[in-house]
Chemist: 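There's a structure below that I have some questions on.
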Amino acid sequence: MRKKVIAGNWKMNKVLSEANSFVDEVKEKAPKSDKVEAIVCAPYPFLASLVERSQGSQVKIAAQNMHFEESGAFTGEVSPVMLKDLGVSHVVLGHSERRELFAETDETVNKKTHAAFQHDLTPIVCVGETLEQREANETMSLVEDQVKKALNGLSADQVAKTIIAYEPIWAIGTGKTATSEQANEVCTHIRNVVKEVTSEETAEQVVIQYGGSVKPANVDELLAQSDIDGALVGGASLEADSFLQLVEAGTK
Ligand SMILES: O=C[C@H](O)COP(=O)(O)O
């Protein structure tokens, strides 16, 4: 059975003291269960401190982006080598905010996914449609295209280890959650796409998260769906209490 993976994406929020207190509290109170993994996706300046504080707990620390090159003249960028050296375990790639606001493309997401595996980082690859695309019935084809391009050239073993986050853009930060059926329908399609490009065995191993206005009040219903293995959470991951409730839900 697949583990549930609850990842809190803080986006550009908090200062270091707040980040430290959050991880200290989660480390102390998170349920000790091998059914769920808790990941905090933090801004770069907090990573070293959070990795150190999370030692000895099941809380993992992720970056929210990275460059695909190992080093070089890329002012303002952070490389996979740097993240690995700090002890970061996961990295969010292709979040819709990066795609919309920072010119992330399917091609750069694919390069970053390869770079993540080269440096033993687990990628959390985000895909999802806009409201216009959903209304034009393009959701399935768009998501299929994003998944195929992100995974292009990976080995079956690497695909099996990739976390895919389905995040309909219209549900991010809007309070509008996709219904659990809508979310599961797309997650099932993603698993079928993975099966098509690899094998049924690989597709059964891939963790597929849903993201978009997930909160303690709706997480149980979402996690009860057949193909939703976790959540990528923005707003409701900013308070330790709320994040802990989401992690708790993953143990059921
Ligand atoms: O990465 C997280 C998502 O963008 C969801 O954000 P949200 O939970 O605030 O809607």
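Both ligands and their constituent atoms are indexed starting at 1 by order of listing.
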Chemist: Examine ligand 1 and decide if any of its atoms is less than 4.0 Å from a heavy atom belonging to K215.
Modeler: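 No, K215 has no heavy atoms under 4.0 Å from ligand 1.
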Chemist: What atoms of ligand 1 come closer than 4.0 angstrom to any heavy atom of S213?
Modeler: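 Here the atoms of ligand 1 in question are 7 (P), 8 (O), 10 (O).
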Chemist: If you measure only the distance, is there a donor-acceptor pair under 3.5 Å linking the side chains of H114 and Q158?
Modeler: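 Judged by distance alone, the side chains do not pair up.
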Chemist: Under 3.5 Å, side chain of E100 to main-chain N/O of E97, donor-acceptor pair present?
Modeler: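 Here the side-chain-to-backbone pair does not exist.
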Chemist: Hey, is ligand 1 close enough to H95 that some N/O pair sits below 3.5 Å?
Modeler: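 H95 vs ligand 1: N/O contact under 3.5 Å present.
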Chemist: Would you mind reporting whether T122 and K60 have side-chain heavy atoms less than 4.5 Å apart?
Modeler: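 Of all side-chain heavy-atom pairs linking T122 with K60, none is under 4.5 Å.
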Chemist: Do ligand 1 and T174 have nitrogen or oxygen atoms that lie under 3.5 Å from each other?
Modeler: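 N/O-N/O distance under 3.5 Å: no.
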Chemist: Taking side-chain contact (heavy atoms from CB on, under 4.5 Å) as the criterion, tell me which of L246, V247, I228 meets it with V219.
Modeler: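 The option that passes is L246.
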Chemist: Looking at N9, which atoms of ligand 1 are within less than 4.0 Å of one of its heavy atoms?
Modeler: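 Per the distance check, 1 (O), 2 (C).
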Chemist: For ligand 1, which atoms sit closer than 4.0 Å to a heavy atom of G212?
Modeler: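 Taking each heavy atom of G212 in turn, ligand 1 has 5 (C), 10 (O) under 4.0 Å.
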Chemist: Could you check if a side-chain atom of Q133 sits within less than 4.5 angstrom of a side-chain atom of T130, using non-hydrogen atoms only?
Modeler: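 A side-chain contact exists here, since the closest heavy-atom pair is under 4.5 Å.
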Chemist: Using side chain to side chain donor-acceptor pair (under 3.5 Å) as the criterion, point out the one residue from E104, E69, E107 that pairs with K112.
Modeler: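 For K112, the side chain to side chain donor-acceptor pair (under 3.5 Å) check succeeds only for E104.
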Chemist: Under 3.5 Å between any N/O of G234 and any N/O of ligand 1: does that happen in this structure?
Modeler: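 In this structure, G234 places an N or O atom under 3.5 Å from an N or O of ligand 1.
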Chemist: Looking at F102, F74, Y44, which hits ring pair (Phe, Tyr, Trp, His ring centres under 6.0 Å) with H67?
Modeler: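 Between H67 and the candidates, ring pair (Phe, Tyr, Trp, His ring centres under 6.0 Å) is satisfied uniquely by F74.
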Chemist: Looking at atom 3 (C) of ligand 1, what's its closest protein heavy atom, distance included?
Modeler: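 Checked against all protein heavy atoms, atom 3 (C) of ligand 1 sits closest to E167 OE2, 2.8 Å.
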Chemist: Kindly determine whether K3 and D34 satisfy salt bridge (charged side-chain N to carboxylate O under 4.0 Å, His left out), including the steps that lead there.
Modeler: CA-CA 8 Å; K3 214 181 226 191; D34 54 13; over 6 Å; no
Chemist: Identify the protein heavy atom lying closest to atom 9 (O) of ligand 1, giving its residue, its atom name and the separation to 0.1 Å.
Modeler: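 Among all protein heavy atoms, the one nearest atom 9 (O) of ligand 1 is G235 N, 2.8 Å.
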Chemist: Give the ring-plane orientation class for F243 versus F22, where under 30° counts as parallel, over 60° as perpendicular and anything between as tilted.
Modeler: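 Answer is tilted, since the angle falls between 30° and 60°.
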Chemist: Consider only side-chain N and O atoms of E70 and S79, and report whether a donor and an acceptor are under 3.5 Å apart.
Modeler: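 There is no such pair between these side chains.
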Chemist: Relative to ligand 1, is I172 under 4.0 angstrom through side chain, backbone, both or neither, heavy atoms considered?
Modeler: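 The part of I172 near ligand 1 is both the backbone and the side chain.
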Chemist: Pull out every atom of ligand 1 sitting under 4.0 Å from any heavy atom of A171, numbered as shown with elements.
Modeler: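 In order of numbering, the contacting atoms are 10 (O).
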Chemist: Decide whether the shortest distance between a heavy atom of S96 and an atom of ligand 1 is less than 4.0 Å.
Modeler: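 Flag not set, S96 not near ligand 1.
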Chemist: Got an N/O contact under 3.5 Å between A236 and ligand 1?
Modeler: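 No, A236 has no N/O under 3.5 Å of an N/O on ligand 1.
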Chemist: Side chain or backbone of S237 under 4.0 Å from ligand 1, or both, or neither, by non-hydrogen atoms?
Modeler: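 The answer is neither.
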Chemist: For ligand 1, which atoms, with element, lie under 4.0 Å from some heavy atom of G173?
Modeler: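 So the answer, numbered in order with elements, is 7 (P), 9 (O), 10 (O).
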